[in-house]
Enquirer: 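Encoded as structure tokens, here's the structure I'll be asking about.
Fair warning: this is a prediction, and the values are worked out from it, not measured in the lab.
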Amino acid sequence: MNFLQAMLRTYNKALEQGIVDAGNDSMKPSILPLYHSNRRSSTGEDIVELTVDDMGCFLHGRFLNKNEFTNFPISENSLVRTSKPFPHPLCDELSYLAEFDSVKAAKKDETDRHELYLQELEKLKKYADKSFNNDFLAIYRYINNNTIKKDVVETIKKGRNGVEYELCYGELKWKELVNKKEKQKKMNLEKLFITFAVEHARGIKTISQNKQFHQFYINYVQQQNISKKQEQCDVTGEHMYCIIRHRGVIGNAKLIGISNHVENYIGSQFKEGGQIFHIGYETSQKVHNMLKYLLDNGNYNYYLGGGAYVVSWMTDILSCGGAPLLSSGQSNSAVEESFEPDFGEEIDARPDKAVLEEVNMGMSRSHGIVQYFAGIKDIPKLDNDNRFCVLILEKVNNGRLAVKYFRSFACSDIQQRAENWYNSTQWPKWSAQSKKMFLDAPSINRVVNFLCGAENDKGILTCSKQTDKLRQNTLERLLLCILEGKILPEDMKSRAFYKLQNRNSFKKQWRQALTLGCVIIKKYNWDRSRQILNEKGEIIPMDNRSFAYGRLLAVYDKLENDAMAVKNQLTEDKKASDTRVTNAARFWSAMIHRPLKTAAILESRTKYYQNALAKNRTTTGLKIYYDKIRQDIYNEIAKFETDEIVRQRPANEDFVLGYYYQQQLLYKKKSEQ
């Protein structure tokens with residue numbers, strides 16, 4: 001099943017389930033009926049709704065609220081409007097619905113916008129005479145009254161009593177007080193989009209939500225298409241009226257485009273673009289309306305950056321929403337548990353804002369799908385014929401849209417792939433409620449923010465605009481690791497280790513960065529059949545030089561922290577240990593690049609703290625304990641420091657795992673050891 005067939009199947013299933021043209025909330029997008037489009041108010045002053053009674057008399061007007069949608073009929077020609085004016089059949093810009101001197105035809109043989117609009121309206125009126133639709137006839141009578149421009153101006157003036165207006169060449173000008181200063185305001189009437197509503201005894205019915213009118217217009221277009229040339233649609237295999245003009249998906253960027261340059265067809269069997277690919281008008285409408293809905297509705301898509309989107313959906317159960325590919329996937333635990341690991345102290349269970357946003361994104365979808373993509377097996381059985389689809393789109397330029405990736409998966413297949421990813425990226429995480437560590441996987445977003453971003457002034461790991469393209473590329477590559485089972489690229493592991501080398505760049509998020517770095521290193525080794533964690537979530541000890549030096553640094557870090565804690569307890573200065581940076585933390589980067597030399601420096605720098613532990617009767621045993629651990633680690637290091645060349649080598653990424661491993665041991669309760 002290719003991409004176009006998947007879109008067509010999804011739309012047809014939505015028709016069967018009655019969710020096409022079923023939106024009752026104008027603030028949310030709906031799946032558009034055939035031969036209709038929609039428009040969203042971007043400012044709250046760019047779309048005007050005019051209400052008339054069933055006799056066509058004007059009652060009142062209003063601006064649509066900001067982000068409010070309106071649906072309206074379109075024609076084959078008005079799908080894509082470039083240099084030539086092609087009016088929509090009913091709702092359109094005011095320059096089509098009323099006469100303006102500034103938009104008169106430039107040439108004698110051209111017809112102006114308003115005349116073209118009236119011609120299209122008359123064609124629809126002839127059909128309405130045979131297929132009666134009272135709402136259309138009421139709007140038709142109102143348009144013929146030729147008072148639209150005046151009524152729109154009155155709508156704008158409403159609520160601004162005592163203000164003087166001036167209408168000049170399609171612009172309405174007036175003055176307003178802004179911060180006690182008089183400022184000139186203006187509005188381009190020609191660009192205002194006009195939609196309609198009809199008031200009946202039982203209430204107001206807008207064109208946007210008038211299903212009877214929508215079906216009336218669909219029947220009108222289908223009757224016209226019967227008399228046109230019928231060809232075989234390459235998507236459905238059926239004979240129908242085929243078109244070469246297709247609507248834009250992201251702005252004017254088109255999914256299907258045809259070149260008008262004749263030289264492209266020289267030497268081929270084709271004379272024009274329409275011969276290469278045939279797609280029916282109805283098929284095109286279903287495909288594009290379905291894709292538009294998936295892109296308009298945040299439950300199905302995620303913006304990757306750089307004009308690229310990832311879209312996911314279930315073909316037969318559209319109401320389930322798309323799986324949260326780029327969120328944590330853990331709908332419940334993400335709220336209850338804290339992301340960051342901590343050694344030796346409990347951390348607050350309250351999640352940060354980023355975690356809440358990810359959870360809300362998942363919870364707005366079907367709970368079953370959220371569980372499903374989190375790798376939880378106990379979920380309702382889905383129809384075997386149902387397909388889970390993933391699409392990556394990128395806007396190449398203002399006129400072209402590229403499909404960078406598409407694949408439809410069987411339900412059991414995608415579940416297994418998601419399960420493999422989350423199993424390979426699980427890492428120990430502290431639960432403030434259960435007071436123990438458990439395994440959980442970070443979201444792809446967190447991983448990418450660590451790899452491509454930095455800690456901002458608010459102490460949050462995030463990407464900047466300068467790294468937008470890198471972030472997009474990394475997200476796409478990680479998605480392929482999930483969806484196609486590809487191994488984690490070596491450059492990502494190297495970048496994670498490079499980021500961790502500069503510990504000072506993480507003022508507040510060091511623990512989170514350390515965990516994310518370990519996750520990436522684990523994933524890299526997992527893909528190459530090397531186990532990092534055992535079944536309990538503990539790091540498996542490694543017999544190598546870098547791992548040993550990481551352990552040694554963790555011991556110096558803990559030793560100094562314990563000595564400072566004892567000193568501050570004696571002096572009753574409890575705040576000092578919270579702000580004190582240990583020598584081990586300061587020498588983190590140096591320990592990676594020159595481990596042997598730095599180890600000697602740390603031994604010298606921590607003598608004071610070793611003596612402090614020895615002098616206190618309550619901590620003498622602790623000093624002996626640290627001496628023994630250090631001696632064991634130094635003996636292990638001696639096995640690897642065989643010659644001068646080896647001694648000069650920097651540590652590799654196993655250093656980070658060794659540090660984390662020793663931290664786990666040092667902060668583990670004696671009862672758990």
Side-chain angles (χ1 to χ4, degrees), residues 26 36-52 56-66 68-75 77-106 110-125 135-136 138-160 163 165-174 185-198 206-208 210 213 217 252:
S26 61
H36 284 74
S37 186
N38 66 1
R39 190 161 177 163
R40 176 166 52 185
S41 175
S42 58
T43 64
E45 289 189 339
D46 52 353
I47 302 178
V48 176
E49 182 183 88
L50 302 175
T51 303
V52 301
C57 298
F58 176 72
L59 298 176
H60 53 81
R62 74 174 183 98
F63 279 108
L64 264 60
N65 298 320
K66 187 177 180 179
E68 186 175 356
F69 285 89
T70 181
N71 303 339
F72 54 91
I74 55 175
S75 67
N77 287 328
S78 70
L79 271 172
V80 183
R81 298 200 289 211
T82 53
S83 57
K84 293 184 179 180
F86 290 113
H88 296 312
L90 190 64
C91 306
D92 211 327
E93 294 178 356
L94 190 56
S95 60
Y96 285 94
L97 274 66
E99 287 188 303
F100 287 90
D101 292 336
S102 57
V103 291
K104 289 288 185 182
E110 287 184 356
T111 308
D112 67 41
R113 291 183 175 188
H114 184 54
E115 288 184 29
L116 287 171
Y117 174 79
L118 293 178
Q119 290 173 12
E120 291 297 317
L121 195 65
E122 286 300 324
K123 292 177 184 178
L124 195 53
K125 171 63 168 57
D135 290 339
F136 168 74
I139 296 170
Y140 174 80
R141 295 189 196 102
Y142 168 66
I143 292 172
N144 280 333
N145 290 339
N146 202 24
T147 63
I148 288 183
K149 189 194 296 184
K150 176 179 73 68
D151 297 333
V152 168
V153 171
E154 289 301 318
T155 300
I156 297 170
K157 290 180 178 180
K158 187 166 57 177
R160 295 188 177 102
V163 178
Y165 293 85
E166 178 186 359
L167 182 59
C168 181
Y169 294 106
E171 278 193 339
L172 190 66
K173 299 179 181 180
W174 70 94
K185 295 282 187 176
K186 62 181 180 179
M187 184 176 292
N188 189 345
L189 297 182
E190 299 170 10
K191 294 295 183 181
L192 285 178
F193 191 85
I194 309 300
T195 185
F196 300 97
V198 181
T206 66
I207 284 296
S208 182
N210 192 328
F213 173 78
Y217 184 73
N252 291 325

Enquirer: Can you confirm whether S41 sits close enough to F63 that some side-chain heavy atom of one is under 4.5 Å from a side-chain heavy atom of the other?
Expert: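 S41 does not reach F63 side chain to side chain.
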Enquirer: Would you say N188 has more than 12 foreign heavy atoms packed within less than 6.0 Å of its CG?
Expert: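 Counting other residues, nucleotides and ligands, CG of N188 exceeds 12 neighbours.
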Enquirer: Taking all atoms of both residues into account, what is the closest heavy-atom pair of P89 and S75, and its distance?
Expert: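 Smallest interatomic distance, heavy atoms only, reads CD-N, 3.8 Å.
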Enquirer: Side-chain contact, heavy-atom cut-off 4.5 Å: D112 with Y96?
Expert: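 No - every pair of side-chain heavy atoms lies 4.5 Å or more apart.
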Enquirer: Is there a side-chain contact between L50 and F58 (heavy atoms, below 4.5 Å)?
Expert: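 Yes, close enough: below the 4.5 Å cut-off.
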Enquirer: If you take all heavy atoms of R113 and P85, which pair is closest and at what distance?
Expert: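 Shortest heavy-atom contact: CG-CB, 3.8 Å.
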Enquirer: Looking at F100, is K149 sitting on its ring face, NZ or CZ under 6.0 Å from the six-membered ring centre and within 45 degrees of the normal?
Expert: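 Output yes; distance and angle both within limits.
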Enquirer: Does the side chain of D151 reach to within under 4.5 Å of the side chain of I148, using non-hydrogen atoms?
Expert: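 No, too far: nothing below the 4.5 Å cut-off.
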Enquirer: Can you spot which of T195, I143, L97 makes a side-chain contact (heavy atoms from CB on, under 4.5 Å) with L90?
Expert: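 Exactly one pass, corresponding to I143.
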Enquirer: Do E120 and K123 meet the salt-bridge criterion of a basic N to acidic O distance under 4.0 Å?
Expert: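 E120 and K123: salt-bridged.
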Enquirer: Heavy-atom distance under 4.5 Å between the side chains of T70 and T206, does that happen here?
Expert: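 Side chain of T70 against side chain of T206, heavy atoms only: no contact under 4.5 Å found.
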Enquirer: Side chains of S26 and E68: is there a donor and an acceptor less than 3.5 Å apart?
Expert: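 Yes, side-chain donor-acceptor contact under 3.5 Å.
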Enquirer: Determine, stepwise, if the pair Y142 / C57 fulfils side-chain contact (heavy atoms from CB on, under 4.5 Å).
Expert: CA-CA 6 Å; Y142 168 66; C57 298; over 6 Å; no
Enquirer: Work out which heavy atom in I207 is nearest to a heavy atom in C91; give both atom names and the distance.
Expert: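 The answer is CG2-SG, 4.0 Å.
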Enquirer: Side chains of Y217 and N210: closer than 4.5 Å at any heavy-atom pair?
Expert: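 Sidechains of N210 and Y217: no contact.
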Enquirer: Ring pair (Phe, Tyr, Trp, His ring centres under 6.0 Å) between F72 and H88: does it pass, once the steps are laid out?
Expert: CA-CA 8 Å; F72 54 91; H88 296 312; 5.2 Å; yes
Enquirer: Starting from the C-alpha separation in whole Å, work towards a yes-or-no answer on side-chain contact (heavy atoms from CB on, under 4.5 Å) for L189 and E171.
Expert: CA-CA 6 Å; L189 297 182; E171 278 193 339; over 6 Å; no
Enquirer: Does the cation-pi check pass for R81 over F86, that is, NZ or CZ under 6.0 Å from the six-membered ring centre and within 45° of its axis?
Expert: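 Not flagged: R81 not positioned over aromatic ring of F86.
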